[in-house]
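Here is the structure we will look at, set down as structure tokens.
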Number of protein chains: 2
Amino acid sequence: MSAPIKVFIIDDHPMVIEGIRGLLNGEPGIQVTGSATDAFAAMEFLKAQTADVVLLDINLPEVSGLDLCPELKANFPDMKILGLSTFKERSFISRMISQGASGYVLKSVSQEELVEAVRQAYRGKMYLSMEVAQIMVQPEPASAPVPMLTSREKEILALIAEGLTNNQIAERLFISPLTVDSHRKNLLAKLEVKNTAAMIRIALEHGLI
Amino acid sequence: MSAPIKVFIIDDHPMVIEGIRGLLNGEPGIQVTGSATDAFAAMEFLKAQTADVVLLDINLPEVSGLDLCPELKANFPDMKILGLSTFKERSFISRMISQGASGYVLKSVSQEELVEAVRQAYRGKMYLSMEVAQIMVQPEPASAPVPMLTSREKEILALIAEGLTNNQIAERLFISPLTVDSHRKNLLAKLEVKNTAAMIRIALEHGLI
DNA sequence: TTCCATATCCCCGAAAAAGGGTATTTTGTG
DNA sequence: CACAAAATACCCTTTTTCGGGGATATGGAA
């Protein structure tokens with residue numbers, strides 16, 4: 001057998017680092033060579049001692065894993081990166097992949113899957129844990145067509161949600177009440193609703209406020 | 001020194017179990033005697049071999065940690081329970097404590113704090129990790145006084161949020177539009193708002209819909 | 001049984017929103 | 001610059017909501 005796969009762990013939770021160490025420990029051909037709890041420390045370590053596979057948490061403080069991923073790729077092109085997170089949000093996963101990650105595993109991953117992910121990543125293949133793969137296979141559930149609102153519309157939407165009337169909003173923004181009403185009508189049209197009540201509900205559901 | 005503190009871990013993520021094992025491993029006077037990934041397995045194990053301190057994840061599948069806590073307390077009154085979770089929601093923490101837990105640690109806890117928590121719990125004291133304590137000290141931010149709505153009011157509120165007018169709601173519920181309007185006015189009064197927009201926002205914020 | 005909360009129904013008038021247009025001025029980006 | 005998108009402003013009519021009352025049944029808790 002050749003030299004063991006050198007694995008580096010980046011996660012702000014000591015518990016997770018220990019957990020991964022435990023799960024990979026004793027696995028033949030895999031060696032955890034180090035860990036870091038933030039982006040800066042990780043870069044420092046890797047400059048001194050490179051790794052084959054990096055397990056990178058998405059939710060790091062300060063510099064997020066999503067931002068760190070391309071940086072790592074730029075500095076260490078041959079290094080494989082595995083995304084790591086508690087959350088199985090589609091957007092996270094696909095963003096991570098598009099940043100050059102070789103896979104994505106959830107923190108709920110089993111020992112076998114984690115080992116497999118590391119091995120596959122090292123071989124240059126993509127690995128998604130079962131749960132992750134299932135999510136990605138689903139054809140983007142009818143895709144919530146997030147309505148495209150202009151900044152002014154969002155502004156007025158927020159004020160409507162606060163309970164202000166067209167006149168009050170007009171005063172607040174130093175514009176004509178008629179203008180506010182125009183925006184309001186555009187909002188109703190864009191959100192495909194017939195009154196304020198539904199407008200606010202849809203807006204909140206889509207995180208537009 | 002007396003017998004070591006026997007620690008049992010309940011968490012559905014193997015990674016977390018390994019992590020805790022790693023953090024407590026080699027700590028004098030503490031011994032991890034077992035672990036389980038679900039409530040049933042935990043009960044089985046503990047019946048055969050009791051523990052001094054249990055680390056119990058809040059977010060278990062099927063039977064949640066919050067529900068399991070009082071059960072454990074009922075079956076093993078002397079056993080100390082430490083809540084464990086990723087989330088630092090006030091409600092979770094206080095509910096766990098009121099269920100008889102001896103403390104609450106986040107999964108972001110440091111090795112030192114985890115050890116301290118286990119030791120304190122074993123001595124019958126309450127231990128909250130730094131971050132948790134900080135949250136609990138804050139005087140419940142003005143506490144959102146959740147408005148008391150009747151079932152009929154909630155029903156009508158939901159229909160309003162769907163975008164129905166008083167007339168449409170009246171038809172749907174086989175009552176007079178005037179009655180719907182009465183309920184609507186009561187809703188405005190109870191939620192202390194002046195129009196539908198604010199009503200829907202407040203309702204959604206409070207999870208009333 | 002008495003009382004209170006809930007649910008029901010009604011009136012009026014004023015205010016706001018909705019439906020359906022049109023039109024001018026910024027402003028941002030190719 | 002040119003062009004499109006965004007923001008601004010206006011008209012008229014109808015519908016809906018809001019603010020302010022008041023009134024009657026009904027069912028459960030004290």
Side-chain angles (χ1 to χ4, degrees), chain A residues 67 70 91 95 98-99 143-209, chain B residues 143-209:
Chain A
D67 299 332
S91 59
R95 276 165 68 192
S98 68
Q99 298 286 354
S143 74
V146 185
M148 256 273 295
L149 301 187
T150 70
S151 61
R152 195 56 153 178
E153 281 165 354
K154 277 188 248 177
E155 195 177 359
I156 282 164
L157 179 57
L159 293 174
I160 293 172
E162 276 186 32
L164 302 190
T165 67
N166 286 345
N167 283 315
Q168 291 170 323
I169 295 171
E171 275 184 42
R172 183 87 69 98
L173 300 181
F174 306 108
I175 57 179
S176 159
L178 296 163
T179 304
V180 179
D181 198 52
S182 287
H183 287 303
R184 187 184 210 113
K185 284 169 184 170
N186 287 332
L187 284 166
L188 290 174
K190 284 191 182 180
L191 299 178
E192 295 173 326
V193 292
K194 303 187 91 66
N195 60 36
T196 307
M199 181 170 81
I200 299 298
R201 181 180 54 81
I202 298 286
L204 286 171
E205 278 174 5
H206 286 52
L208 294 170
I209 302 179
Chain B
S143 76
V146 185
M148 253 274 292
L149 301 186
T150 70
S151 62
R152 196 57 155 176
E153 281 163 354
K154 276 187 246 177
E155 196 177 359
I156 283 165
L157 179 57
L159 293 174
I160 293 172
E162 277 187 32
L164 303 189
T165 67
N166 287 344
N167 284 315
Q168 292 169 323
I169 295 172
E171 273 183 45
R172 183 85 69 98
L173 299 181
F174 307 106
I175 57 180
S176 160
L178 295 161
T179 303
V180 179
D181 197 54
S182 286
H183 287 302
R184 188 183 209 114
K185 284 170 182 171
N186 286 333
L187 283 165
L188 290 173
K190 284 191 181 179
L191 299 178
E192 293 173 330
V193 292
K194 301 188 91 68
N195 59 37
T196 306
M199 182 171 82
I200 300 297
R201 182 179 52 81
I202 298 285
L204 285 170
E205 278 174 5
H206 287 50
L208 294 169
I209 301 178

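This one's a predicted model, so the numbers in the text were calculated from it and none came from an experiment. To find a chain, count down the sequence lines: A is the first, B the second, and so on, and within it residues start at 1.
Among D:dG20, C:dA16, C:dT6, the nucleotide with an atom closest to any side-chain atom of B:K185 is D:dG20. Closest to the side chain of A:T150, from the set D:dA6, C:dA16, C:dA7, is D:dA6. Comparing atom distances between the A:L188 side chain and each of D:dT8, C:dA7, C:dA18 picks out C:dA18 as nearest. In the set C:dC9, D:dA7, C:dT6, the nucleotide with an atom closest to the side chain of B:S176 is C:dC9.
Looking at heavy-atom distances under 4.0 Å, A:L178 makes contact with a base. Counting any heavy atom pair closer than 4.0 Å across all strands shown, B:S151 reaches sugar-phosphate atoms only and no base atom. Contacts of B:K194 with the nucleic acid, taken as non-hydrogen atoms under 4.0 Å apart, involve only primed sugar atoms and P, OP1 or OP2. At the heavy-atom level, A:T179 lies under 4.0 Å from base atoms of the strands shown.
Contact annotation: B:N195 does not reach the phosphate of C:dA16 (side-chain N/O to OP1 or OP2, under 4.0 Å). Phosphate proximity of D:dC10 to A:S182: absent, as no side-chain N or O sits under 4.0 Å from OP1 or OP2. Between B:T196 and the phosphate of C:dA17, there is no side-chain N or O to OP1/OP2 separation shorter than 4.0 Å. Between C:dT8 and B:R152, a contact under 4.0 Å exists linking OP1 or OP2 to a side-chain N or O. Residue B:N167 has a polar side-chain atom (N or O) positioned under 4.0 Å from OP1 or OP2 of D:dT16.
Atom pair A:E153:CD and D:dT8:C1' shows a separation of 13 Å (rounding to whole Å applied). In this structure, A:L191 atom CG and C:dA18 atom P are separated by 12 Å, rounded to whole Å. In this structure, A:R172 atom CZ and D:dT8 atom P are separated by 15 Å, rounded to whole Å. Protein atom CG of A:L187 is 13 Å distant from nucleotide atom C1' of D:dA6, rounded to whole Å. Look at CD1 on A:I169: it is 15 Å from C1' on D:dT8, rounded to the nearest Å. Going from atom CG of A:N166 over to atom P of D:dA9 covers 13 Å, rounded to whole Å. Spacing between atom NZ of A:K190 and atom C1' of D:dA5 amounts to 9 Å, rounded to whole angstrom units. Summarising the geometry, the separation between NE2 on B:H183 and C1' on D:dT16 is reported as 18 Å, rounded to the nearest angstrom.
Toward the 5' end of DNA chain D, the nearer of the two residues A:N186 and A:D181, judged by each one's closest nucleotide, is A:N186.
Applying the 6.0 Å contact sphere to CD of B:E171 captures no more than 12 heavy atoms from other residues, nucleotides or ligands.
Screening B:D181, B:T179, B:L159, B:L178 for a side-chain contact (heavy atoms from CB on, under 4.5 Å) with B:N166, the sole residue that qualifies is B:D181.
Distance alone, capped at 3.5 Å, places no donor-acceptor pair between the B:N186 side chain and the B:A189 backbone. With hydrogens and angles disregarded, a donor-acceptor distance shorter than 3.5 Å links the side chain of A:K190 to the backbone of A:M148.
For the pair A:V180 and A:H183, the minimum side-chain heavy-atom distance is 4.5 Å or more.
In this structure, B:Q168 and B:G163 approach most closely via the heavy-atom pair OE1-O, 4.0 Å.
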